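All values derive from a computational prediction rather than experimental measurement. Residue numbers run from 1 in the order of the sequence given.
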Amino acid sequence: MRLLFTTAPLRGHFFPLVPLAWAARAAGHDVLVATTDGFAAVVMRSGLPAASFGSATDFVELVGDEPVASATDAERRRHAHGRAFGRISGQCLPGAHELFEAWRPDLVVSERAEFAGPLAAAATGVPYVEYQWGVAPLEEYRSAVREELGVEPSVPVEVLNPWPPGMRLPHATGHQGVRNVPYTGDARVPGWVFLERRRPRVCVTLGTVVPRIGARLLGDLVVPVLERLARHGAELVVAADEEVVAAWPALAAVAHRVGRLPLAQVLPTCDLVVNHGGHGTVLTALSAGRPQLVLPQFDDQFDNAGAVVGAGAGMRLSPEEVTPELVAERCLALLADARFTVAAAEVAAEIAAQPAPADVVHLLEKLAV
């Protein structure tokens with residue numbers, strides 16, 4: 001089977017696809033990942049073969065650096081982000097048609113914000129499967145694509161959903177479950193994760209996009225929070241790209257461990273995870289059975305935060321509520337109450353019970369042309 005995976009040029013969108021793509025390769029299938037010119041190098045570092053749909057505008061360039069002020073503002077930005085993904089997909093569509101004509105895949109698996117692959121699949125009669133990151137329906141994305149491209153987005157023959165059934169929203173009833181197997185890129189596992197720790201360890205991470213479009217969080221929030229937690233004896237870990245660390249030297253001055261980290265190996269050694277509500281970070285923390293304080297900023301992050309709270313596995317603060325004092329206060333409350341850790345462990349067990357990527361590959365074989 002020739003299996004084409006397609007992704008928008010963002011790591012948080014591509015990384016969830018990697019375990020499934022590798023499972024398909026391990027099963028003997030011919031796998032190819034298609035994305036933009038500028039993102040192909042990230043794909044290749046996963047060990048998967050990459051093809052290009054052509055050049056496209058960077059997502060952050062399209063949406064700008066604009067902090068979220070309220071939930072209402074977040075709704076507006078969700079639509080704007082959908083327009084950005086629609087524009088990127090429109091730029092990729094000619095290359096997608098060319099690749100389909102040349103390579104002729106039997107099945108396409110696309111993450112939910114990449115629309116060029118599904119549109120090319122529909123034009124050539126190839127079935128496509130959607131990989132749904134995040135718990136939100138994100139209908140704003142589809143409506144924005146209609147506006148941007150003037151076409152109706154394709155309908156998948158199946159939707160793969162890595163969220164445990166107990167945390168899904170009504171629209172996800174009937175989705176095919178797939179176990180979340182965290183992939184966090186080419187970060188090296190640091191030796192300190194294997195050592196015994198003597199203090200509560202708190203990991204703070206804001207993903208790869210938020211530091212680029214919400215820099216206020218770093219300067220006005222993260223450093224003061226770290227300073228407050230340090231006074232209470234916590235060991236502080238900040239997972240961030242090297243360029244973020246270089247731009248904010250105060251992070252390294254106050255935290256004990258700073259830099260690009262493999263969350264799948266680091267989070268099980270932590271007692272609490274403070275994050276932005278991104279799909280990969282939230283599910284990786286839940287898979288590790290760790291409670292969370294979620295500070296959502298845009299799109300699916302608000303729904304992901306709600307799912308964590310609903311499962312009893314953490315707390316959240318909306319953008320208008322966030323202050324260094326309140327964030328630190330909630331962190332200490334989460335560390336002091338074992339009920340959140342118990343609930344997170346229950347979610348971890350539900351995640352582990354989902355079908356493994358290798359099992360889902362057998363389903364994909366039945367869906368292929």
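Using a 4.5 Å heavy-atom cutoff, the side chains of V327 and L293 are in contact. For the pair P49 and V33, the minimum side-chain heavy-atom distance is 4.5 Å or more. Residues V129 and V157 form a side-chain contact, since some pair of their non-hydrogen atoms from C-beta on lies under 4.5 Å apart. Side-chain contact between L149 and L119 is present, with heavy atoms from C-beta onward closer than 4.5 Å. No side-chain heavy atom of F53 sits under 4.5 Å from any side-chain heavy atom of P9. Within the 4.5 Å cutoff, no side-chain heavy atoms of F302 are placed close to those of R316.
In this structure, a donor-acceptor pair under 3.5 Å is present between the side chains of W163 and H279. A donor and an acceptor atom, one from each side chain of N180 and Q354, are nowhere located under 3.5 Å apart. No hydrogens or angles considered: a donor-acceptor pair under 3.5 Å links the side chains of E321 and S318. There is a side-chain donor-acceptor pair under 3.5 Å between Q91 and T57.
In terms of heavy atoms, A311 sits closest to V347 at CB-CG2, 3.9 Å. For P182 against T284, the heavy-atom pair with the smallest separation is CB-OG1, 3.6 Å. For the residue pair P357 and L20, the shortest heavy atom distance occurs at O-CD1, 3.7 Å. Closest heavy-atom contact between P118 and S110: CD-OG, 3.4 Å. Residues A113 and S89 approach most closely at O-OG, 4.1 Å, considering heavy atoms. For A24 against V31, the heavy-atom pair with the smallest separation is CB-CG2, 3.7 Å.
Residues in residues 17-31 take part in these side chain to side chain donor-acceptor pair (under 3.5 Å) pairs, two or more places apart or across chains: H29-E365. Applying the salt bridge (charged side-chain N to carboxylate O under 4.0 Å, His left out) test to pairs two or more places apart or on separate chains, those with a residue in residues 266-278 are R197-D271. Pairs engaging residues 112-139 under the salt bridge (charged side-chain N to carboxylate O under 4.0 Å, His left out) rule: none recorded [sequence neighbours left out]. Residue pairs meeting the ring-ring contact (aromatic ring centres under 6.0 Å, His included) criterion with at least one partner in residues 183-202, sequence neighbours excluded, are F15-Y183. Screening residues 296-309 for salt bridge (charged side-chain N to carboxylate O under 4.0 Å, His left out) gives R78-D303 as the qualifying pairs, with residues at least two apart or on separate chains. Here ring-ring contact (aromatic ring centres under 6.0 Å, His included) pairs that include residues 109-144, with residues two or more places apart or in two chains, are H13-W133, F85-Y141. Applying the salt bridge (charged side-chain N to carboxylate O under 4.0 Å, His left out) test to pairs two or more places apart or on separate chains, those with a residue in residues 35-47 are R45-D186. Identified under the side chain to side chain donor-acceptor pair (under 3.5 Å) test for residues 332-347, with sequence neighbours left out: D337-R339.
Other residues, nucleotides and ligands place no more than 12 heavy atoms under 6.0 Å from the CZ atom of R87.
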Mind listing the side-chain donor-acceptor pairs of residues 223-230 below 3.5 Å, one per line with the distance, residues two or more places apart or on another chain?
{"residue": "R228", "atom": "NH1", "partner": "P224", "partner atom": "O", "Å": "3.2"}
{"residue": "R228", "atom": "NH2", "partner": "E325", "partner atom": "OE2", "Å": "3.0"}

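Once rounded to the nearest 0.5 Å, the distance linking CG of L267 with CD of Q292 reads 8.5 Å. Atom CG of residue L272 and atom CZ of residue R330 lie 13.0 Å apart, to the nearest 0.5 angstrom. The distance from the CG atom of L3 to the CG atom of L32 is 9.5 Å, given to the nearest 0.5 Å. Taken to the nearest 0.5 Å, the CG atom of N161 stands 11.0 Å off from the CE atom of M167. The line from CE of M1 to CG of L364 is 5.5 Å long, rounded to the nearest 0.5 Å. The distance from the CD atom of Q132 to the CG atom of L160 is 10.0 Å, given to the nearest 0.5 Å.
Residues satisfying the salt bridge (charged side-chain N to carboxylate O under 4.0 Å, His left out) test with R201, not counting sequence neighbours, are E235. R199 pairs by the salt bridge (charged side-chain N to carboxylate O under 4.0 Å, His left out) definition with nothing, not counting sequence neighbours. By the ring-ring contact (aromatic ring centres under 6.0 Å, His included) test, H256 pairs with no residue at all, sequence neighbours left out.
Under the 4.5 Å side-chain heavy-atom criterion for grouping Ile, Leu, Val, Met, Phe, Trp and Tyr, L263 is not connected to V202 through any hydrophobic cluster. Side-chain heavy atoms closer than 4.5 Å link hydrophobic residues (I, L, V, M, F, W, Y) into clusters, and following such links, even through other members, never connects I351 to V273. Linking ILVMFWY side-chain heavy atoms closer than 4.5 Å, directly or via other members, places L93 and F59 in a single hydrophobic cluster.
Here the two rings, on H276 and F298, have centers that are 6.0 Å apart or farther.
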